[in-house]
Amino acid sequence: MSRRLATPYRLLLHVYPKGSRRGELADTLLMAAEAGHVRPGPIATLNLLRHGMRARLGRPLSRGVVVLAIFASIVSGFLSASLANRIGWEAAPALPTGAAWTQLAQMLTPGLSAQSYGRSDDPFRNNGGETDAASVSYSTGRTPATEDVDAYLAGLQQRLEAAGWRVTDTYSTSPTDIETGARQNNSQALTARNGALVLSFEDYFDAANAEGGLRVSIYRAEPRWLTGSTLAVGLLGMLAGWLLAGWASRRLEHRPWAAHLAATAAFGGLVLLIPAWLLGSLQFLGTLSDAAVPDSPFWRGLVPTDEFGGMAYPAGAAITAAIAVAVLCPPRHGPARPALATDPGSASDLTHEANLDQDQK
């Protein structure tokens, strides 16, 4: 038995719930290990993590508890990432003001005056049922230069690239004929970004109706450190959700009525949050790929006042009720467990798999 091998094994076995089982597994694994090994192999490590996380849930014969724990882990990660992202935006760089803004506007629309102008420096605000991000927006009238949409956007791209911006997308905003699919005008738009800002620019021109102009919106780009911290906190939140589900499951294991009530409330609340999670996941993927315009946060589906956040209140109430049931019901000790080897992830199972791994070597 190697003391150097005992330390990593005992650290890994902390994935199991507290109890005598940790020591039993450590002793069994150390006896099965080959002489000279100083750390567990990758397969043995993954095996311990898998069985240990499953053991955290209790109820070894139940598949439902695994499904519920997966749901809880995903939603907990989403909620944790959303909270971290919202707090992190408070430290993100502000929108340009004063001379910096004047210089930027002159570069985007040289020689043109704004006909309408709007600015919001709050990180996020409710705008008629939508959660909007901080932005500066303005529009201008049409001129002979802007009516030549292709040439104007080509010149804009050159100015942007010379100023250190990167054009990420160009696309048509013209409506199309339902029958033929033909474009009804030559309106086009582009998005671009630099290290701190994201630009949404549209050159609208409809010759048939003699209408046109430029529409410009500037948003704050999500800093890389904020994206990284959002992901990191989200992963920690997923772990916390799994552990919370396991704690509640083991605590109510011998209280069937309370367990059923808590599981029903938790599952209902988690299901209500699925639309917010799907919406947020797709939007966050766009943030990772630099393809999306950050005009709203990925967690907007959690804001009760947002048009997509109507399920936030009932979902929160249901999940809170499930946790309250687990907290208020004291654990009840059941009958003595059968032989350790009958439980998933037991010492004999792990030893058998470890021996198979060693035979392959």
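For the single chain, residues carry numbers from 1 onward in sequence order. Everything quoted here is computed from the prediction, not taken from an experiment.
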**OP:** Walk me through it: do Ser172 and Gln188 pass the test side-chain hydrogen bond (donor to acceptor under 3.5 Å, both in side chains)?
**Re:** CA-CA 4 Å; Ser172 171; Gln188 297 183 48; over 6 Å; no
Original post:
Should Arg125 and Thr131 count as side-chain neighbours, where that means a heavy-atom distance under 4.5 Å?
Top reply: no
Original post:
With Phe205, which residues qualify under ring-ring contact (aromatic ring centres under 6.0 Å, His included), at least two apart?
Top reply: none
Original post:
Under 4.5 Å between any side-chain heavy atoms of Leu108 and Leu160, yes or no?
Top reply: yes
**OP:** Please say whether more than 12 non-hydrogen atoms of neighbouring residues, nucleotides or ligands are located less than 6.0 Å from CD in Glu211.
**Re:** yes
**OP:** Evaluate the side-chain contact (heavy atoms from CB on, under 4.5 Å) criterion for residues Glu202 and Leu214: first the C-alpha distance (whole Å), next the side-chain angles of each, then the deciding distance (0.1 Å), finally the verdict.
**Re:** CA-CA 6 Å; Glu202 180 184 10; Leu214 303 178; over 6 Å; no
Subject >> Spacing of Trp165 atom CH2 and Leu104 atom CG [to the nearest 0.5 Å] >> reply: 5.5 Å
Tell me which donor-acceptor pairs under 3.5 Å the side chains of residues 264-281 have, and how far apart each pair is, sequence neighbours excluded?
residue: Thr264; atom: OG1; partner: His260; partner atom: O; Å: 2.8
residue: Trp277; atom: NE1; partner: Ser281; partner atom: OG; Å: 3.2
residue: Ser281; atom: OG; partner: Trp277; partner atom: O; Å: 2.7

Original post:
Can you find a side-chain donor-acceptor pair between Asp203 and Thr146 that sits under 3.5 Å?
Top reply: no
Original post:
Is atom OH of Tyr313 surrounded by more than 12 heavy atoms (other residues, nucleotides or ligands) closer than 6.0 Å?
Top reply: no
Original post:
Do Glu147 and Asp206 come close enough that some side-chain heavy atom pair is under 4.5 Å?
Top reply: no
Original post:
Checking Arg159 against Tyr152: charged group under 6.0 Å from the ring centre and within 45 degrees of the axis?
Top reply: yes
Original post:
Any side-chain donor-acceptor pair under 3.5 Å between Gln283 and Ser296?
Top reply: yes
Subject >> Nearest non-hydrogen partners of Glu253 and Arg59, listed with the distance >> reply: CA-NH2, 3.1 Å
**OP:** State, yes or no, whether a side-chain contact exists between Pro17 and Arg250 at a heavy-atom distance under 4.5 Å.
**Re:** yes
Subject >> CG-CG distance between Leu95 and Leu197, expressed to the nearest 0.5 angstrom >> reply: 6.5 Å
Original post:
In terms of hydrophobic clustering (I, L, V, M, F, W, Y; side-chain heavy atoms under 4.5 Å; direct or indirect links), are Leu239 and Ile70 co-clustered?
Top reply: yes
Original post:
Under the side-chain contact (heavy atoms from CB on, under 4.5 Å) test, which residues partner Thr191, sequence neighbours left out?
Top reply: Thr168, Asp169, Tyr171, Val293
**OP:** Taking the six-membered ring for Trp and the full ring for Phe, Tyr or His, determine whether the centres of Phe284 and Phe298 are under 6.0 Å apart.
**Re:** yes
Original post:
If you look at every heavy atom in Ser76 and Gly237, which pair is closest and at what distance?
Top reply: OG-O, 2.7 Å
Original post:
Would you say the side chains of Glu222 and Thr227 form a donor-acceptor pair under 3.5 Å?
Top reply: yes
Original post:
Any donor and acceptor pair, going by atom type alone, linking the side chain of Arg86 with main-chain N or O of Ala81 inside 3.5 Å?
Top reply: no
Subject >> Donor-acceptor pair, side chain of Thr102 and main chain of Gly98, under 3.5 angstrom >> reply: yes
Original post:
Can you find a heavy atom in the side chain of Leu261 that is under 4.5 Å from one in the side chain of Trp257?
Top reply: no
**OP:** Might you point out which heavy atoms bring Thr170 and Val167 nearest each other, and give the distance in Å?
**Re:** CG2-CG1, 4.0 Å
**OP:** Dump the intermediate steps for side-chain contact (heavy atoms from CB on, under 4.5 Å) on Val198 and Arg220, then the final yes or no.
**Re:** CA-CA 6 Å; Val198 177; Arg220 298 189 298 173; over 6 Å; no
Original post:
Is there side-chain contact between Leu190 and Leu153, with at least one heavy-atom pair below 4.5 Å?
Top reply: yes
Subject >> Shared hydrophobic cluster, Leu49 / Leu13 (ILVMFWY, side-chain heavy atoms < 4.5 Å) >> reply: yes
**OP:** Heavy atoms only: give me the nearest Leu252-Cys329 pair and the separation to one decimal.
**Re:** CD2-CB, 3.7 Å
Original post:
Should Leu244 and Val233 be counted in the same cluster of Ile, Leu, Val, Met, Phe, Trp and Tyr side chains packed under 4.5 Å apart?
Top reply: no
Subject >> Test item: side-chain donor near acceptor, Gln115 and Thr140, under 3.5 Å >> reply: no
**OP:** Spell out, yes or no, whether Leu302 and Ile319 are grouped together once hydrophobic residues are joined by side-chain heavy atoms under 4.5 Å, including indirect joins.
**Re:** yes
**OP:** Please step through side-chain contact (heavy atoms from CB on, under 4.5 Å) for the pair Arg119 and Thr97, ending with a clear verdict.
**Re:** CA-CA 10 Å; Arg119 184 184 183 101; Thr97 59; 2.9 Å; yes
Subject >> OG on Ser80 to CG on Leu236, rounded to 0.5 Å >> reply: 8.0 Å
Original post:
Is it true that atom CE of Met53 has more than 12 heavy atoms of other residues, nucleotides or ligands lying nearer than 6.0 Å?
Top reply: yes
Original post:
Does any donor atom in the side chain of Ser217 or Ser137 lie under 3.5 Å from an acceptor atom in the other side chain?
Top reply: yes
Original post:
Between Leu57 and Val327, is there a shared hydrophobic cluster once you connect ILVMFWY residues whose side-chain heavy atoms come closer than 4.5 Å?
Top reply: yes
**OP:** Verify whether one side chain among Arg215 and Ser139 offers a donor that lies under 3.5 Å from an acceptor in the other.
**Re:** no
**OP:** Specify the closest pair of heavy atoms between Arg54 and Ser62, including all atoms of both residues, with the distance to one decimal.
**Re:** NH2-O, 3.0 Å
**OP:** Drop me the distance from Glu130's CD to Asp306's CG, to the nearest 0.5 angstrom.
**Re:** 7.0 Å
Original post:
What is the minimum heavy-atom distance between Pro96 and Trp101, and which atoms define it?
Top reply: O-CB, 3.7 Å
Original post:
Which value, rounded to the nearest 0.5 Å, describes the distance between Tyr16 atom OH and Leu48 atom CG?
Top reply: 5.5 Å
Original post:
Just wondering, more than 12 heavy atoms not from Phe71 lying within 6.0 Å of its CZ?
Top reply: no
Subject >> Audit row: Arg193, Leu199, side-chain contact (heavy atoms from CB on, under 4.5 Å) steps and yes/no >> reply: CA-CA 6 Å; Arg193 62 177 60 226; Leu199 166 69; over 6 Å; no
Subject >> Spacing of Asp122 atom CG and Glu90 atom CD [to the nearest 0.5 Å] >> reply: 9.0 Å
**OP:** For residues Phe124 and Asp132, determine if any side-chain heavy atom of one lies less than 4.5 Å from a side-chain heavy atom of the other.
**Re:** no
**OP:** Answer yes or no: is there a side-chain heavy-atom contact under 4.5 Å between Leu83 and Trp299?
**Re:** no
**OP:** Might you work through the side-chain hydrogen bond (donor to acceptor under 3.5 Å, both in side chains) test for Ser174 and Tyr204, ending with a clear yes or no?
**Re:** CA-CA 8 Å; Ser174 169; Tyr204 166 72; over 6 Å; no
